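A quick note: this is a predicted structure, and the numbers were derived from the prediction, not measured. All values below come from the heavy atoms of this structure, side chains included, with hydrogens, waters and symmetry mates left out. Lettering of chains follows the sequences in order, A, B, ..., and the numbering in each one begins at 1.
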Amino acid sequence: MEVLKTIRPELLTLSQEQLNCLLPYFTVFGGTCLSIVLSVWGGLKPKWPVFLVTSLTCIIAMFLGSSSGDGTSHTLFNGMMVADAYSQFFNVIFLGAALFTIFSSFRYLDDEKLQHPEYYVLVMFAALGMMLMASALDLIVIFIALELMSLSVYILVGFRRNDRKSNEAAMKYFILGSAASAVLLYGSALIYGATGSTEIRSVLKFLQEHPQSLNPIFGLGFALVLFGFLFKVASVPFHMWMPDVYEGAPVPVTGFMTTGLKAAAFATFVRILATMGYGNGISAAIQNHLHDVLWVSCALTMLLGNFIALTQVNLKRMLAYSSIAHTGYLLLGILSGTRSELGFAPGVMYILVYAAMNLGAFVILTLLAAEGDSKLNLHDLSGVARRHPWLAFAMSVFLLSMAGIPPTAGFAAKYLVFYSAIQANEIPLAVIGVLSSAVSVYYYLRVLVYMYMKDPVGSPPVLRISLWSGLAVAAMILITIQVGVLPERMIDLAKRAVLSL
Amino acid sequence: MNISPYFFYGFGGIAIACSLLVILKRNPVASAFSLVMVFFAFAGIYALLDAHLIATLQIFVYAGAIMVLFIFVIMLLNADVPSFDLGRTHLGIRIAAGLLSVATLALFIWAFSTTQLTPPVDQFTPERIEAAGGNTQVVSELMFSEYILPFELTSVLLLAAIVGAVAIAKRKLSEGRS
């Protein structure tokens, strides 16, 4: 009998390159720990130090993340995690989302009397969870990273403790999110039972060697994992939680959720699909089932999101439904990724573009929000353009970009997604997408009408715009217009990221 | 493999029955105690599978530490029964939920009864684990070498949970500290 070999020395050391790949993660974790210490340091007012440390950490980690890689992918920790161009691409998105969320929250938390250092720490923890999700290759690691992200966000959603709506949103999100995590975990367990491994690459290898193990149990496991992810991205049969949660959460947190959370779930989703050989065909049956499930979900998501958004008068709720609609476009990009020449690149690029424009819109909503996130109804925006021409202009750019009107980034991204859908012969879906996108123009433009063409009601206070929020808006505008006018570079980046999968 | 089916079905039955009690009992303390029973039944199943370490940990950590804390919290909060009464749900929804649950159960029974699992090539047979120094040694060695990443990440997760608990539970939060 062969003796078990449980300690493998090669797993216990990290080479220099591997250490370099891990640097962004270590930086984020180190910065987070430092801010925890700073927030309880005796005699120190934690507001500024924690704010500065967390923002600097994000900037440094972004820099390290985008400069360290040499384009090759490094497998870490026995194949549980991988650092490649794909994870780098997403790390920059997550850290950017965290950074600008922190920037836009700074003044907001003061105004709302919520200025507690834990807020920034939790944003950083969530960002770390997202980064790990996008680079994980093992179902256990994916689950833990997902929980790290979700747990931090549950708390952030309920951060306004004295507000019923915020509490209710946090409770709802926590219970439903835990149920979804349990479903995902059970699915992972079934996959492990059917294939003897939680590591995605080994699962694929086992399936290729033993085609008969593509049995109902594996199918159930895969379906449950899929449902867990569809819940996290809030695509249609699993979208119920989303509008209430988005409405109840503090505005900057909502912005963070629509960008970071969604990008993280999609990043993991695409990585699992690509690694599992979606497209190269592990099995025609699974391929077709997966395609059908995603097809239905994608069509429903685009239609329902856009049509319900039409009737909303609260901007936060409207953007929540519009975010559901954008999930549909993202699913379309993934669905058609297997059979078009650009692969998953349009979908991945859409994630980035959506993150930029949505984050920008939410930074502006944060500025507009009065005490307790009130005054975010359409008529409260009447005449904003007269008092704050620049703010109104920025909001218009983001909304036009979401509607997909050139020369903004939203147009380039939507164009690519629909183009690849047509290439992949998903004509009905492309038609649904374009039509529902046309519907969406109505509710985006309505906001513009209120801002530019209506007279203000009463005498609303003049807003103070903090330097940090201004910076965040300016950066997002820059990305939205730059990608819209010259999309080539971003497409190349997305392509490189996808190719490294 | 000395797994005795009778014990398995016994423990499994207890686990299912007690899980149902957890959600059906109106009194939160009774629910919590049913959950303790579920954990004991799980420990029994783990022991039947030769995973003695996990069985012990299950009793120590879940049935012992976590549940005792749970019950203390419930008792300290003095939550009365009516606050757990959410009122009656619509009859149609209840019927639909029941049908869906039965359908899901049927799906799972079908999947598990039709599947012939190919046992994955597994190096961790009870005999080999015995030869390598027993459950505890093998688990701890694996935890600190092959599974070091999930292990460390779990501590990060716990740290985040602690910060979150502080943020939720801190007194005088509304006044702000800065």
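With a threshold of 4.5 angstrom between heavy atoms, Leu158(B) does not approach chain A through any atom at all. Only the side chain of Ile148(B) has a heavy atom closer than 4.5 Å to any heavy atom of chain A. Using a 4.5 Å cut-off between heavy atoms, Thr154(B) contacts chain A through both its backbone and its side chain. Residue contact with chain A, scored on non-hydrogen atoms closer than 4.5 Å, involves the backbone of Phe144(B) exclusively.
Val156(B) has its side chain within reach of Phe125(A): a pair of non-hydrogen atoms, C-beta onward, lies under 4.5 Å apart. In this structure, the side chains of Leu220(A) and Trp110(B) stay at 4.5 Å or more apart for every pair of heavy atoms. A heavy-atom distance below 4.5 Å is found between the side chains of Leu190(A) and Phe112(B).
Taking Gly133(B), Ala161(B), Ala160(B) one by one and counting their heavy-atom pairs under 4.5 Å with chain A, the maximum is reached by Ala160(B).
Shortest non-hydrogen contact noted between Leu159(B) and Cys33(A) is CD2-SG, 4.2 Å. Looking at every heavy atom in both residues, Pro216(A) comes nearest to Thr114(B) through CG-OG1, 3.8 Å. Heavy atoms only, all atoms of each residue included: Met80(A) and Pro150(B) are closest at SD-CD, 3.4 Å. In terms of heavy-atom proximity, Ala167(B) sits nearest to Glu118(A) at CB-CB, 3.8 Å.
The distance from the CG atom of Leu132(A) to the CG atom of Leu149(B) is 7.0 Å, given to the nearest 0.5 Å.
Residue-level contacts of residues 145-153 of chain A with chain B, in order of numbering, are Glu147(A), Leu148(A), Leu151(A), Ser152(A); threshold 4.5 Å between heavy atoms.
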